[in-house]
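Reviewing the structure listed below.
The figures that follow rest on heavy atoms only: side chains count, while hydrogens, waters and symmetry mates do not. Quick note on labels: first sequence line is chain A, next is B, and so on, each numbered from 1. Computed from a predicted structure; not experimentally measured.
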Amino acid sequence: MAYSDTLKDHLANPRNAGTLADADAEAEQSNPVCGDRLRLSLRLGSGRIEAARFLAYGCPPTLACGSALAGMLEGMTLEEAARVTRERVTEAVGGLPARKRHAASLAIETLRAALESLTRGAF
Amino acid sequence: MAYSDTLKDHLANPRNAGTLADADAEAEQSNPVCGDRLRLSLRLGSGRIEAARFLAYGCPPTLACGSALAGMLEGMTLEEAARVTRERVTEAVGGLPARKRHAASLAIETLRAALESLTRGAF
Amino acid sequence: MLRVYFDHSATTPVDRRVVEAMLPYLTEKFGNPSSVHFYGQESRAAVDRARREVASLVGARPNEIVFLSGGTEANNLAIRGVCEQHAEHGRHVITTSIEHSSVRGICDALGRRDWEVTRLPVYEEGVVRVEDVRAALRPDTVLVTVMLANNEVGTVQPVAEIGALIRERRAAGQKIWLHTDAVQAAGGLRVDVDELACDLLSLSAHKLYAPKGVGALYVRRGVRLAPQNVGGHQERERRGGTEAVPLVVAFGEAARLTRLELDARAEHVRRLRERFEAGVEARVSDFVYNGDRARRLPGVSNISFRYVEGEGLLINLDMQGVAVSTGSACSSGSLEPSPVIRALGRDDELARGSIRFSLGKDTTEGEVDYVLEVLPRAVETLRRLSPLYQKARTERACTPA
Amino acid sequence: MLRVYFDHSATTPVDRRVVEAMLPYLTEKFGNPSSVHFYGQESRAAVDRARREVASLVGARPNEIVFLSGGTEANNLAIRGVCEQHAEHGRHVITTSIEHSSVRGICDALGRRDWEVTRLPVYEEGVVRVEDVRAALRPDTVLVTVMLANNEVGTVQPVAEIGALIRERRAAGQKIWLHTDAVQAAGGLRVDVDELACDLLSLSAHKLYAPKGVGALYVRRGVRLAPQNVGGHQERERRGGTEAVPLVVAFGEAARLTRLELDARAEHVRRLRERFEAGVEARVSDFVYNGDRARRLPGVSNISFRYVEGEGLLINLDMQGVAVSTGSACSSGSLEPSPVIRALGRDDELARGSIRFSLGKDTTEGEVDYVLEVLPRAVETLRRLSPLYQKARTERACTPA
Ligand SMILES: Cc1ncc(COP(=O)(O)O)c(C=O)c1O
Ligand SMILES: Cc1ncc(COP(=O)(O)O)c(C=O)c1O
């Protein structure tokens with residue numbers, strides 16, 4: 001079990017929660033096994049991610065990974081964002097129990113989907 | 001388990017232990033199941049049991065019943081002795097655990113055998 | 001930080017009086033009850049006293065009580081013991097879909113070994129129906145095992161009525177027995193083996209303010225069981241192993257205190273639960289109670305909060321010092337929504353959002369009020385994150401009032 | 001009355017430091033280790049620490065340790081667990097004729113269920129021979145269970161050599177495992193699962209100055225067992241039931257202290273036993289030592305006093321404050337002479353007259369001397385009653401010197 005203090009803090013004090021009314025990119029992905037769900041909204045400006053917001057439903061790691069991911073994305077270029085790995089998200093929440101690694105995967109999948117929506121879109 | 005204090009006292013301070021060099025009656029009986037063994041020697045005088053001695057090998061109840069029986073026999077007439085019951089011996093040692101009732105039976109058998117040896121003998 | 005323990009169904013703190021009672025058996029009185037000497041007899045006498053107390057708690061005779069390591073082992077000995085002993089009479093077992101994970105696990109294991117197991121529904125109320133039991137009975141049914149009170153939602157099952165049914169069958173010549181898992185019930189309601197007409201009944205000390213690691217199985221005189229933990233003459237050959245004397249003594253004292261104080265304890269937690277539930281109703285929206293509220297243990301309140309998942313809520317509460325649980329303590333950690341809440345017909349989302357609040361004899365009004373302060377905020381925090389909640393809000397906003 | 005406890009093989013007093021270590025887990029730290037919240041995690045961490053200590057005592061890895069209710073349950077899980085899991089590979093078990101009553105009982109139960117059990121002799125020394133094990137091995141042997149040290153006479157068995165033998169067989173493709181009951185050994189000698197090359201090893205806390213009611217089974221990584229007490233995710237599915245946290249913590253501390261102090265304890269009891277045996281030799285006639293005196297646990301002395309029966313002697317000693325045992329504590333109370341002493345080839349009389357004196361880490365010289373004062377008188381009292389003794393005396397008197 002034992003979640004890290006960082007993870008728990010993300011849960012009690014989520015960073016960047018919400019959606020962006022004027023988002024440039026959005027995606028929602030879910031884990032078909034457990035029903036966990038993550039939504040990511042990004043707004044761009046001067047070639048960087050200016051704002052990132054998340055919504056999440058599911059087990060604590062899913063919520064924390066959403067919060068950590070949204071936080072780290074702000075200020076990144078799209079190339080930097082595309083290079084964010086599962087490991088980096090896992091680290092940002094202070095590690096994950098083996099059985100909960102999929103939470104970081106869901107975060108990365110959602111990020112990829114959001115970035116893809118961009119390449120398909122107006123940009 | 002739980003032996004009575006009376007029983008334990010017979011064990012630590014046996015009454016009438018030994019044999020009588022000038023016994024009028026003697027018998028030794030053993031319990032074929034557990035190997036317990038009781039020997040009783042009686043000396044008579046003026047129609048009464050003047051002296052009774054016992055030897056015993058085996059579990060504590062056998063030793064205690066021997067001691068208690070020998071003690072109570074002294075001063076009895078032969079008729080009184082013949083009427084001693086298993087229950088009376090059991091009582092004299094402060095009761096016996098259910099699994100150990102046979103110790104009182106061995107005492108009575110040995111007494112009967114000793115009394116029989118008398119009727120067959122000089123008396 | 002203020003700490004509030006609202007998880008008495010998972011385990012209870014040990015009563016100070018229980019600790020006092022057992023302490024001598026952790027120090028100077030350390031004999032092995034099988035030993036013939038002074039030390040052994042002292043321990044033996046203590047075990048016998050405890051046995052009388054536990055028997056007395058459930059209206060049994062002392063020699064109908066088998067001490068063992070807890071509720072799980074009691075359930076194993078009862079169910080496996082009866083089934084293995086009486087396999088020749090049939091291989092059918094009836095149980096419910098809301099049994100504790102131990103009973104569920106044991107029945108699953110039987111199912112893999114040539115036994116047929118019927119798991120009865122409990123409907124939205126979380127209560128099994130006697131007609132369903134009657135309908136499920138077969139000539140080859142050897143065991144019916146129905147818990148007395150559920151560990152997650154606290155619902156009380158109609159064991160006495162089922163007991164009467166089994167008695168009828170037995171009177172008609174069937175070899176059939178009734179087991180009830182009273183691990184949760186014993187601390188919340190009066191339990192009497194004759195009123196229940198049960199043949200076997202499981203107890204666990206750590207739900208009664210005694211330490212973890214000891215329990216008891218009531219085995220009605222004349223009921224034969226295949227022993228499970230064998231080797232050793234202890235417990236009249238029904239359960240081998242040196243007796244856990246200090247724990248058994250603690251269990252005895254806890255049983256005595258429970259017998260004396262049960263009504264007051266039940267009244268106390270019932271009153272506090274009312275305060276709690278009224279407070280939740282006033283402060284939180286979009287939740288449902290799980291299980292029939294009228295037929296419940298007095299200290300348990302199980303609530304599903306829509307749009308949020310239970311573990312996140314649990315951790316949020318924990319970070320503010322409030323200990324609760326989601327699903328059964330034993331099965332938490334698995335990805336699955338609580339099978340008990342699912343059995344009430346709840347959808348996955350509600351089943352994942354269920355939280356059990358369980359109050360104890362030492363719970364205070366102040367503690368209830370503290371939880372009522374913390375809980376709405378924690379629910380709100382998580383809902384603000386929840387895509388399900390956002391969607392529902394939007395939908396609601398679009399629906400004409 | 002002075003009280004001298006010379007029955008440490010039956011059970012040991014709880015070390016004061018062990019009581020201290022467990023006390024917080026009987027009071028404020030009461031969480032269920034399966035609970036996710038603070039209280040639960042605190043208990044979980046304590047169980048994990050204890051697991052590391054117990055593992056370390058026997059040179060194992062923490063996840064190879066399964067906590068359960070005692071040595072008897074450890075033996076059940078090991079023997080029944082391996083046999084049930086691997087029945088398809090064969091149904092033959094090898095054991096010895098001096099195992100603890102729990103192992104004996106389990107093997108007897110297997111014997112009644114289509115298993116063949118070979119019970120090897122131990123000869124006058126009370127030690128099984130490796131050649132005998134080799135000769136008894138069959139292609140369908142799935143388990144060899146040989147205790148590491150005997151509980152009645154203390155003899156140490158050649159488990160490491162047997163382990164090497166089993167390894168050879170396994171290298172040759174046979175599905176075969178080695179279990180050793182180290183319940184008595186662990187407090188008296190260094191135990192290392194790799195040196196012993198065993199696959200399963202049983203421990204019980206109450207022989208190591210911890211409370212009764214908790215034990216452990218070492219299960220070598222990769223060895224599969226059919227769980228016995230099922231239902232619950234505890235102990236990685238190998239043993240269901242809420243962990244007995246306070247007892248487990250106590251066991252951990254006792255294991256730590258044993259690891260640190262074992263050599264000093266062994267030296268201490270060995271020295272006192274020498275004093276004791278020298279004293280008996282000087283003061284009592286007509287007795288024999290039981291079991292090989294060189295290959296024994298350091299604190300145990302088993303002596304048969306001719307012409308007297310053990311229980312009477314035990315009670316006589318007990319009335320003067322000296323606690324000893326006759327036969328195994330668990331099997332005392334039955335009419336039969338000790339099967340262990342019988343297995344050494346002793347006649348019934350000697351087997352009934354055997355007394356086990358077992359010293360502990362806190363035994364003093366003064367206590368030894370007190371026993372040496374009391375024992376000769378007690379033997380004399382009973383011999384004066386004994387028809388066997390009287391007969392022997394008469395016979396001796398008649399034999400020319
Ligand atoms: C209804 C029920 N049965 C059985 C058990 C298992 O008892 P124990 O924790 O003593 O193994 C529990 C407790 O977890 C329970 O709530
Ligand atoms: C060698 C041996 N094995 C097993 C046991 C049983 O252990 P427990 O008393 O913890 O059930 C004992 C102790 O009685 C023992 O001496």
Side-chain angles (χ1 to χ4, degrees), chain C residues 3 5 7 10-14 19 26-27 30-32 34-40 68-73 75-76 101-106 109 204 206 211-214 228-234 240-247 311 314-315 318 323-325 329-334, chain D residues 3 5 7 10-14 19 26-27 30-32 34-40 68-73 75-76 101-106 109 204 206 211-214 228-234 240-247 311 314-315 318 323-325 329-334:
Chain C
R3 289 213 166 271
Y5 186 74
D7 201 11
T11 194
T12 53
V14 185
V19 178
L26 283 172
T27 51
F30 62 83
N32 185 326
S34 295
S35 296
V36 177
H37 49 63
F38 172 81
Y39 295 88
L68 26 67
S69 67
T72 299
E73 189 184 348
N75 288 337
N76 270 269
S101 59
S102 58
V103 170
R104 210 181 320 130
I106 298 161
S204 181
H206 74 95
K212 287 164 257 304
V214 63
Q228 299 296 311
N229 203 48
V230 306
H233 300 296
Q234 294 92 351
T242 300
E243 298 86 342
V245 182
L247 294 190
E311 206 192 353
L314 186 162
I315 289 177
D318 187 39
V324 300
S325 83
C330 304
S331 57
S332 70
S334 70
Chain D
R3 289 215 166 268
Y5 187 73
D7 200 12
T11 195
T12 54
V14 185
V19 177
L26 282 173
T27 51
F30 61 83
N32 185 327
S34 295
S35 296
V36 177
H37 51 62
F38 172 80
Y39 296 88
L68 26 67
S69 67
T72 299
E73 189 184 347
N75 289 336
N76 271 270
S101 59
S102 58
V103 171
R104 211 182 318 130
I106 299 160
S204 180
H206 74 94
K212 288 163 257 305
V214 63
Q228 299 296 309
N229 203 47
V230 307
H233 300 297
Q234 294 92 351
T242 299
E243 299 86 342
V245 183
L247 293 190
E311 207 193 352
L314 185 162
I315 288 177
D318 186 40
V324 299
S325 84
C330 306
S331 56
S332 70
S334 70

Checklist line | Winner by heavy-atom pair count (cut-off under 4.5 Å) against chain C, out of D:Gly40, D:Ser102, D:Gly240 | finding: D:Ser102
Next item on the list: Between chain C and each of D:Val103, D:Thr27, D:Ile106, count heavy-atom pairs under 4.5 Å; write down the option with the most.
Entry: D:Ile106
Check: Does any heavy atom of chain C fall under 4.5 Å from the side chain of D:Pro13, the backbone, both, or neither of them?
Finding: both
Note to self: As an exercise: rank D:Val14, D:Thr11, D:Asn76 by heavy-atom pairs under 4.5 Å with chain C and give me the winner.
What the structure shows: D:Asn76
Check: So what's closer than 4.5 Å to chain D heavy atoms on C:Phe38: side chain, backbone, both or neither?
Finding: both
Checklist line | Toward chain D, the part of C:Val19 with a non-hydrogen atom under 4.5 Å | finding: side chain
Check: For C:Gln228 and D:Asn229, what are the C-alpha separation, side-chain angles and deciding distance, and is it a side chain to side chain contact (heavy atoms under 4.5 Å, CB included)?
Finding: CA-CA 8 Å; C:Gln228 299 296 311; D:Asn229 203 47; over 6 Å; no
Next item on the list: Check each atom of D:Val214 against the heavy atoms of chain C and say whether the ones under 4.5 Å are side chain, backbone, both or neither.
Entry: neither
Next item on the list: Would you give the length of the straight line joining atom CG of D:Asn32 to atom CD of D:Gln234, rounded to the nearest 0.5 angstrom?
Entry: 7.5 Å
Check: Which bit of D:Val230 is near chain C, if near means a heavy-atom gap under 4.5 Å: side chain, backbone, both or neither?
Finding: both
Notebook entry, point to check: Roughly how far apart are C:Tyr39 OH and C:Phe30 CZ, rounded to 0.5 Å?
Noted result: 5.0 Å
Next item on the list: Find the distance between CD (D:Glu73) and CG (D:Leu68) and round it off to the nearest 0.5 Å.
Entry: 4.5 Å
Next item on the list: Could you look at C:Leu26 and say if it's the side chain, the backbone, both or neither that has a heavy atom under 4.5 Å from chain D?
Entry: both
Notebook entry, point to check: Roughly how far, to the nearest 0.5 Å, is the CG atom of C:Leu247 from the NE2 atom of C:His206?
Noted result: 11.5 Å
Check: Of the backbone (N, CA, C, O) and the side chain (C-beta and beyond), which part of D:Thr12 lies under 4.5 Å from a heavy atom of chain C, both, or neither?
Finding: backbone
Item checked: Rounded distance (nearest 0.5 Å) linking atom CG of C:Asp318 with atom OG of C:Ser325 -> 12.0 Å
Note to self: Test side chain to side chain contact (heavy atoms under 4.5 Å, CB included) on C:Glu243 and D:Lys212; report intermediate values, then the result.
What the structure shows: CA-CA 7 Å; C:Glu243 298 86 342; D:Lys212 288 163 257 305; over 6 Å; no
Item checked: Option that, when pairs with chain D are counted at under 4.5 Å, heavy atom only, ranks first among C:Ser204, C:Pro246, C:Gly105, C:Ala244 -> C:Ala244
Checklist line | Distance (rounded to the nearest 0.5 Å) between C:His37 NE2 and D:Asp7 CG | finding: 3.5 Å
